[in-house]
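Only a predicted model underlies this, so the values are computations on that prediction, with no experimental measurement involved. All residue numbers in this chain count up from 1 along the given sequence.
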Amino acid sequence: MTPSDASAGASAGRWSSLDRPPLNAAALRRALVTGDGLWTSLEVVASTGSTNTDLATRAAELPEGAVVVAEEQSAGRGRLDRSWVAPARSGLFFSVLFKPGDTVPQEQWGWLTLLAGVATATGLSRAAGVDTALKWPNDLLVTVDGEERKTGGILAERVEDGVIVGIGLNVTLTEEELPVPAAGSLLLAKATVTDREPLLKAVLRSLEEWYGNWRAAGGDPAASGLQETYAAGCATLGRHVRAELPGGRTLTGTAEAVDTDGRLVIRTAEGTHEAVGAGDVVHLRSVH
């Protein structure tokens with residue numbers, strides 16, 4: 001075992017829940033780090049502040065396809081520096097390193113956040129039989145007792161020659177463990193599988209597939225099928241929304257499309273259209 005694997009195994013004795021066993025790093029590497037695929041290394045750590053930060057400090061020396069997984073994050077981050085915390089081994093908290101290089105124009109690298117959303121939703125559908133919707137730009141939603149709830153989030157960060165994509169996913173959190181009432185988990189959404197190892201393998205294999213197609217298309221979201229698939233799974237489209245934009249401005253209207261730059265196109269009450277590239281979006285109601 002590597003030191004990180006050893007520490008992850010040693011920490012297992014601190015936890016009494018047999019429903020939350022530690023990840024088997026060696027088995028995950030055998031399944032995913034095959035030598036002819038995208039994933040070049042996979043490290044499991046018992047606890048860390050942020051897997052994105054861990055990868056960022058070593059991104060220059062690591063090849064594309066490095067993966068860092070944490071059993072617990074003490075300083076996990078979402079958008080706008082919001083915290084992401086959960087009980088140890090209750091979810092999947094991991095980051096991956098992409099280095100598209102010259103094959104994809106840098107102006108298209110912003111699509112990696114949306115690509116990760118599509119790949120995660122696809123992987124979870126296959127492995128857990130749970131319908132996961134996408135909330136623009138980076139949230140993963142499940143349905144719990146007829147209510148739409150956030151079960152995961154994605155945070156992409158640029159490094160010198162690539163992009164680190166971090167994914168946090170609530171897997172076995174109970175109602176009592178949820179950080180806020182609007183949160184959810186795969187367990188609460190009645191997923192058929194909550195074993196984290198097959199879920200992680202499914203998501204990483206889906207990421208590899210979608211990234212390969214997108215890169216082969218030169219980052220073209222239409223040619224790779226990414227734009228169409230994202231739109232089909234995006235719960236934001238067709239909704240009345242409020243977009244809270246940088247600088248304190250607010251925009252309210254109907255979310256109609258995701259354009260070729262990955263921006264959310266909103267039609268205002270006045271009939272004008274505005275493409276939003278950053279900001280918080282609140283779902284208000286569906287349009288019938």
Atom CD of Glu160: over 12 foreign heavy atoms under 6.0 Å: no
Full working for side-chain hydrogen bond (donor to acceptor under 3.5 Å, both in side chains) between Thr254 and Glu256: CA-CA 6 Å; Thr254 302; Glu256 291 196 334; 5.8 Å; no
Interatomic spacing from CD1 in Ile167 to CG in Leu140 - rounded to 0.5 Å: 7.5 Å
Hphob cluster co-occupancy, Leu204 + Val33, side-chain heavy atoms under 4.5 angstrom: yes
Criterion side-chain hydrogen bond (donor to acceptor under 3.5 Å, both in side chains) on Thr236 and His283, from CA distance to verdict: CA-CA 7 Å; Thr236 303; His283 290 176; 2.8 Å; yes
Set of salt bridge (charged side-chain N to carboxylate O under 4.0 Å, His left out) partners for Glu148, sequence neighbours left out: Arg239
Listed partners of Glu175 passing side chain to side chain contact (heavy atoms under 4.5 Å, CB included), at least two apart: Val144, Arg149, Leu178, Leu188
Pair Glu177 + Arg20, salt bridge at N-O below 4.0 Å: yes
Any pair counted as ring pair (Phe, Tyr, Trp, His ring centres under 6.0 Å), so long as it reaches residues 106-154, sequence neighbours left out: none
Lys/Arg-Asp/Glu bridge criterion (N-O < 4.0 Å) met for Glu43, Arg58: yes
Point-to-point distance, once rounded to the nearest 0.5 Å, from CG of Leu124 to OG of Ser206: 8.5 Å
Joint cluster assignment, Val118 & Phe98, ILVMFWY side-chain distance < 4.5 Å: yes
Non-neighbouring partners of Arg242 that pass salt bridge (charged side-chain N to carboxylate O under 4.0 Å, His left out), sequence neighbours left out: Glu244
Nearest-0.5 Å distance that lies between atom NZ in Lys150 and atom CG in Asp139: 4.0 Å
Transitive ILVMFWY side-chain link Val281 to Val265, under 4.5 Å: no
Side-chain heavy atoms of Trp39 within contact of Leu207, under 4.5 Å: yes
For Thr34, all residues meeting side chain to side chain contact (heavy atoms under 4.5 Å, CB included), sequence neighbours excluded: Asp36
Partners meeting side chain to side chain contact (heavy atoms under 4.5 Å, CB included) with Ala121 (sequence neighbours left out): Thr132, Leu134
Asp54 and Thr48: CA distance, side-chain angles, deciding distance, side-chain hydrogen bond (donor to acceptor under 3.5 Å, both in side chains) verdict: CA-CA 8 Å; Asp54 289 351; Thr48 190; 2.5 Å; yes
Residues clustering with Val68 (ILVMFWY side chains joined when closer than 4.5 Å, directly or via others): Leu55, Leu62, Leu97, Val159, Ile164
Other ILVMFWY residues reachable from Val282 by side-chain steps of under 4.5 Å: Leu284
Non-neighbouring partners of Ser95 that pass side chain to side chain donor-acceptor pair (under 3.5 Å), sequence neighbours left out: Thr51, Asn52
Name every donor-acceptor pair, under 3.5 Å, that has one atom in a side chain of residues 209-223 and the other anywhere in the protein, sequence neighbours excluded.
residue : atom : partner : partner atom : Å
Glu209  : OE1  : Arg126  : NH1          : 3.4
Tyr211  : OH   : Glu64   : OE2          : 2.4
Tyr211  : OH   : Arg215  : NH1          : 3.4
Asn213  : ND2  : Glu209  : O            : 3.4
Trp214  : NE1  : Gly219  : O            : 3.2
Arg215  : NE   : Thr103  : OG1          : 2.9
Arg215  : NH1  : Glu64   : OE1          : 2.8
Arg215  : NH1  : Glu64   : OE2          : 3.3
Arg215  : NH2  : Pro100  : O            : 3.1
Asp220  : OD1  : Ala222  : N            : 2.8
Asp220  : OD1  : Ala223  : N            : 3.1

In one Ile/Leu/Val/Met/Phe/Trp/Tyr side-chain cluster, 4.5 Å: Leu187, Val130: no
CG-OG1 distance between Leu186 and Thr172, expressed to the nearest 0.5 angstrom: 9.0 Å
Spacing of Ser50 atom OG and Glu157 atom CD [to the nearest 0.5 Å]: 6.5 Å
Side chain proximity check, Glu71 to Val45, heavy atoms < 4.5 angstrom: no
Shared hydrophobic cluster for Tyr230 and Leu141 (ILVMFWY, side-chain gaps under 4.5 Å): no
Option from Asn138, Leu115, Val96, Thr113 for which side-chain contact (heavy atoms from CB on, under 4.5 Å) with Val165 holds: Val96
Glu197: salt bridge (charged side-chain N to carboxylate O under 4.0 Å, His left out) partners, not counting sequence neighbours: none
For the student: nearest non-hydrogen atoms of Leu23 and Val69, plus distance: CD1-CG1, 3.7 Å
Pair listing, ring pair (Phe, Tyr, Trp, His ring centres under 6.0 Å) test, anchored in residues 42-73, at least two apart: none
Full working for side-chain contact (heavy atoms from CB on, under 4.5 Å) between Thr252 and Val241: CA-CA 6 Å; Thr252 302; Val241 299; over 6 Å; no
Distance, nearest 0.5 Å, that separates CD1 of Ile154 from CG of Leu169: 9.5 Å
